[in-house]
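Quick notes on the structure that follows.
Lettering follows sequence order; numbering is per chain, from 1.
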There are 2 protein chains.
Amino acid sequence: MPAEAPHDHSPSAAIAAAEQLCATRGQNLTELRRSVLRIICAAERPIGAYAILDQLRSEGRSGAPPTVYRTLDFLLEQGLVHRLASLNAFVACCDPAERHGGQFLICEACGRVGELNSARVEATIVEEAAAVRFAVSAQTVEVLGRCAACLRLPAGPSA
Amino acid sequence: MPAEAPHDHSPSAAIAAAEQLCATRGQNLTELRRSVLRIICAAERPIGAYAILDQLRSEGRSGAPPTVYRTLDFLLEQGLVHRLASLNAFVACCDPAERHGGQFLICEACGRVGELNSARVEATIVEEAAAVRFAVSAQTVEVLGRCAACLRLPAGPSA
DNA sequence: ACAGTTACGTTACTGTATAACATCCCCTGC
DNA sequence: GCAGGGGATGTTATACAGTAACGTAACTGT
Ligand SMILES: [Zn+2]
Ligand SMILES: [Zn+2]
Ligand SMILES: [Zn+2]
Ligand SMILES: [Zn+2]
């Protein structure tokens, strides 16, 4: 949607990329972790931890909350997914190879989320904070609005 | 802390200002709402809904979660407090007369929160979003770091 | 065999937030 | 006075988010 190309939501492609990344990092992308990543990718929208858990169970896995949260911790550490603080939900990263803090565009019509990873926004925040002698260590930028697709269709598509 | 003067945390001043605002808007700043606002102001740090509830009860009020959340909804609508999504907590607004989306500087040493209501940051976000044809309606900017006071004292003050 | 590490299972719990319904109170029209 | 309505609050129950603590299974290298 943003600077990034329109986010290849195809789970298989994302999984393959993740596989690559983990391999080069010596990390173990287990079956469970792969499943959770696939579920998040397939959702195409932010998805809550308990919704992930439900899907895991419906796939025959056992599972309890810690199962999901531990797995999410791993995926977050590897930069494969992001957490949206304003939604208490998770999305797949559209460019995990490039480590980045999170700037997100959340469409209030269709619920989809794109990444706006603007160096200009980040720098502006750091500068403006510095002006009041505040030293930035991490940023949370979550922007609500309407995405390009939903702007074209005034009656918001929900798909 | 920021562009705003160091935020008059005196609860009585904030209450008086709120009283004013609600009066001119024809809104009803009831005893309960006043109490919750006073508790939030007195906290000087972000405070969670259940901590507010505890304080209400310790003041003799009855109360259950909906009591607090409904009251917070009112205060949020009136722009008297802000919600910090990244902390699930609430702070008093330092300038309720001027409606603004939230940009916050959260000190990870002392826990205090200042408002960075930078028009430049806001404009940059809008511009960068527009570049990918995303129309912004609301922003959440929560910046973690160290405030001026805590930068001076390397061993972070917790007061 | 042994200890160490990594991942996962399981139970139990805390914290955050909302739904749904009942009550009280004040105001207005009759 | 007394319906009736709207705003504010009380009350109960429950859903959703996140973590602590402990147990187990499998793979590692020695
Ligand atoms: Zn990303
Ligand atoms: Zn949309
Ligand atoms: Zn404010
Ligand atoms: Zn500080």
Side-chain angles (χ1 to χ4, degrees), chain A residues 18-19 22-23 25-40 43 45-78 80-91 111 140 142, chain B residues 18-19 22-23 25-40 43 45-78 80-91 111 140 142:
Chain A
E19 204 91 52
C22 287
R25 290 176 187 162
Q27 296 291 327
N28 190 359
L29 188 62
T30 64
E31 182 52 35
L32 174 63
R33 289 165 178 173
R34 219 188 324 267
S35 296
V36 171
L37 182 54
R38 187 172 23 72
I39 289 168
I40 295 173
R45 278 170 185 64
I47 181 172
Y50 280 65
I52 295 171
L53 182 54
D54 286 345
Q55 295 222 23
L56 273 180
R57 286 186 179 149
S58 78
E59 290 179 9
R61 280 253 171 203
S62 67
T67 312
V68 172
Y69 281 102
R70 275 190 298 233
T71 307
L72 287 169
D73 284 345
F74 173 85
L75 297 174
L76 287 167
E77 273 162 24
Q78 297 305 314
L80 297 169
V81 307
H82 299 289
R83 191 179 116 83
L84 297 177
S86 62
L87 301 178
N88 294 327
F90 302 84
V91 291
T140 300
E142 301 181 11
Chain B
E19 203 92 52
C22 289
R25 291 176 187 161
Q27 296 292 326
N28 190 358
L29 186 62
T30 63
E31 183 52 34
L32 173 63
R33 290 166 176 171
R34 219 189 324 267
S35 295
V36 170
L37 180 56
R38 188 171 22 73
I39 289 169
I40 295 173
R45 278 172 185 62
I47 181 172
Y50 281 67
I52 294 170
L53 181 55
D54 287 344
Q55 295 222 24
L56 273 180
R57 285 184 179 150
S58 78
E59 290 179 9
R61 280 252 171 203
S62 68
T67 312
V68 171
Y69 282 101
R70 274 191 299 234
T71 307
L72 286 169
D73 284 344
F74 172 84
L75 297 173
L76 287 167
E77 273 162 25
Q78 297 306 314
L80 297 169
V81 307
H82 299 289
R83 191 179 117 84
L84 298 177
S86 61
L87 301 178
N88 294 326
F90 302 83
V91 291
T140 300
E142 301 182 10

Checklist entry - Can you name the residues that form a side-chain contact (heavy atoms from CB on, under 4.5 Å) with A23(B), not counting sequence neighbours? => result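 Applying side-chain contact (heavy atoms from CB on, under 4.5 Å) to A23(B) gives none.
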Item to check | Listed partners of E31(B) passing side-chain contact (heavy atoms from CB on, under 4.5 Å), at least two apart | outcome: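 Here the qualifying residues are R34(B), S35(B), R61(B).
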Checklist entry - For the pair made of CG in L72(B) and P in dA17(C), what is the distance, rounded to whole Å? => result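 Computing the L72(B):CG to dA17(C):P distance gives 9 Å.
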Item to check | Integer-rounded Å distance: dT6(C) P and D73(A) CG | outcome: 15 Å
Checklist entry - Heavy atoms, side chains only, cut-off 4.5 Å: are V36(B) and V81(B) in contact? => result no
Item to check | With T140(A) via side chain to side chain donor-acceptor pair (under 3.5 Å) - residues at least two apart | outcome: none
Next on the checklist: Please enumerate all residues that pass salt bridge (Lys or Arg N to Asp or Glu O under 4.0 Å) together with R33(B), with sequence neighbours excluded.
Outcome noted: none
Checklist outcome for this item: Heavy-atom nearest pair, V91(B) first then I40(B), reads C-CG2, 3.7 Å
Checklist entry - Taking all non-hydrogen atoms of both residues, which atom of C22(B) and which atom of F74(B) are closest, and how far apart? => result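 For C22(B) and F74(B), the tightest heavy-atom pair comes out as SG-CZ, 4.2 Å.
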Item to check | Phosphate OP1/OP2 of dT18(C) contacted by Y69(B) side-chain N/O (<4.0 Å) | outcome: no
Checklist outcome for this item: Within residues 80-90 of chain B, those residues having any heavy atom closer than 4.0 Å to DNA chain C are R83(B), N88(B)
Measure all distances between protein nitrogen or oxygen atoms and nitrogen or oxygen atoms of nucleotides 8-16 of chain D, and list the pairs falling under 3.5 Å.
| residue | atom | partner | partner atom | Å |
| --- | --- | --- | --- | --- |
| dA8(D) | OP1 | R33(B) | NH1 | 3.3 |
| dT9(D) | OP1 | T30(B) | OG1 | 2.6 |
| dG10(D) | OP1 | S62(B) | OG | 3.4 |
| dG10(D) | N7 | R70(B) | NH2 | 2.6 |
| dG10(D) | O6 | R70(B) | NH1 | 2.9 |

Item to check | V68(B) vs Y50(B), side chain to side chain contact (heavy atoms under 4.5 Å, CB included): CA-CA, chis, key distance, verdict | outcome: CA-CA 8 Å; V68(B) 171; Y50(B) 281 67; over 6 Å; no
